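Take a look at the structure below.
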Amino acid sequence: MTFETEVIWLDEHRAVTLAELVEVSGLTERELLELVRAGVIPAREAPGAQYTFSARVVTVARTACRLRDDLELDVHGVGVALRLLERVSDLEAEIARLRAQLPHR
């Protein structure tokens, strides 16, 4: 049995096409496009109106797929959950920043 594995390096400068994102995320093209239209997944518009994405979006899309599958959410529920997770992450970063400013005892 032979397995072929393709590796996508997730650096900020790498552009990922919609087809690649569908392949690595587990989401359908329709689901991804709905999340893009909702502003949950940021897209870059390339020449010819084809969407491309920062490779960082791969992690968000995979999280979206897990939320859909594990919690049996529709695409709108996935969007809400992703926004809440992003907000929690932002608040945790702010707490860490504020704690760093406190005097050490």
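All figures in this text were calculated on a predicted structure; none of them were measured in a lab. Atoms considered below: every heavy atom in the structure, side chains included; atoms not considered: hydrogens, waters and symmetry mates.
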Is the closest side-chain heavy-atom distance between [X] and [Y] below 4.5 Å?
X   : Y   : result
V58 : L21 : yes
L35 : V60 : no
E34 : R37 : yes
V36 : F53 : yes
S54 : V16 : no
L18 : L32 : yes
L82 : E86 : no

**Report entry** side chain to side chain donor-acceptor pair (under 3.5 Å) between T63 and R66, intermediate numbers included
**Finding:** CA-CA 5 Å; T63 300; R66 280 194 309 278; 3.3 Å; yes
Query raised in the report: Does a donor on one side chain sit under 3.5 Å from an acceptor on the other, for T28 and E31?
Result: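 There is such a pair (donor and acceptor under 3.5 Å, judged by atom type) between the side chains of T28 and E31.
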Requested in this report: State whether the number of non-hydrogen atoms from other residues, nucleotides or ligands found under 6.0 Å of R87 atom CZ is greater than 12.
Outcome: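 Count not over threshold, so no.
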Can you give me the closest heavy-atom contact between [X] and [Y], atom names plus distance?
X   : Y   : result
A38 : R83 : O-NH2, 2.7 Å
V40 : P42 : O-CD, 3.7 Å
C65 : S25 : CB-O, 3.1 Å

**Report entry** Backbone N/O of T17 and side chain of E20: donor-acceptor pair under 3.5 Å
**Finding:** yes
Requested in this report: Output the distance between atom CG (L27) and atom CD1 (I41), rounded to the nearest 0.5 Å.
Outcome: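 Atom-to-atom, L27:CG and I41:CD1 are 6.5 Å apart.
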Query - Cluster check L71, V78: I/L/V/M/F/W/Y, side chain < 4.5 angstrom - result: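 Yes, L71 and V78 fall within the same hydrophobic cluster.
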Query raised in the report: Among the clusters formed by ILVMFWY side chains lying less than 4.5 Å apart, do V80 and L67 turn up in the same one?
Result: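 No, V80 and L67 fall in different hydrophobic clusters.
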Query - Note: E72-R68 ion pair, threshold 4.0 Å (strictly below) - result: no
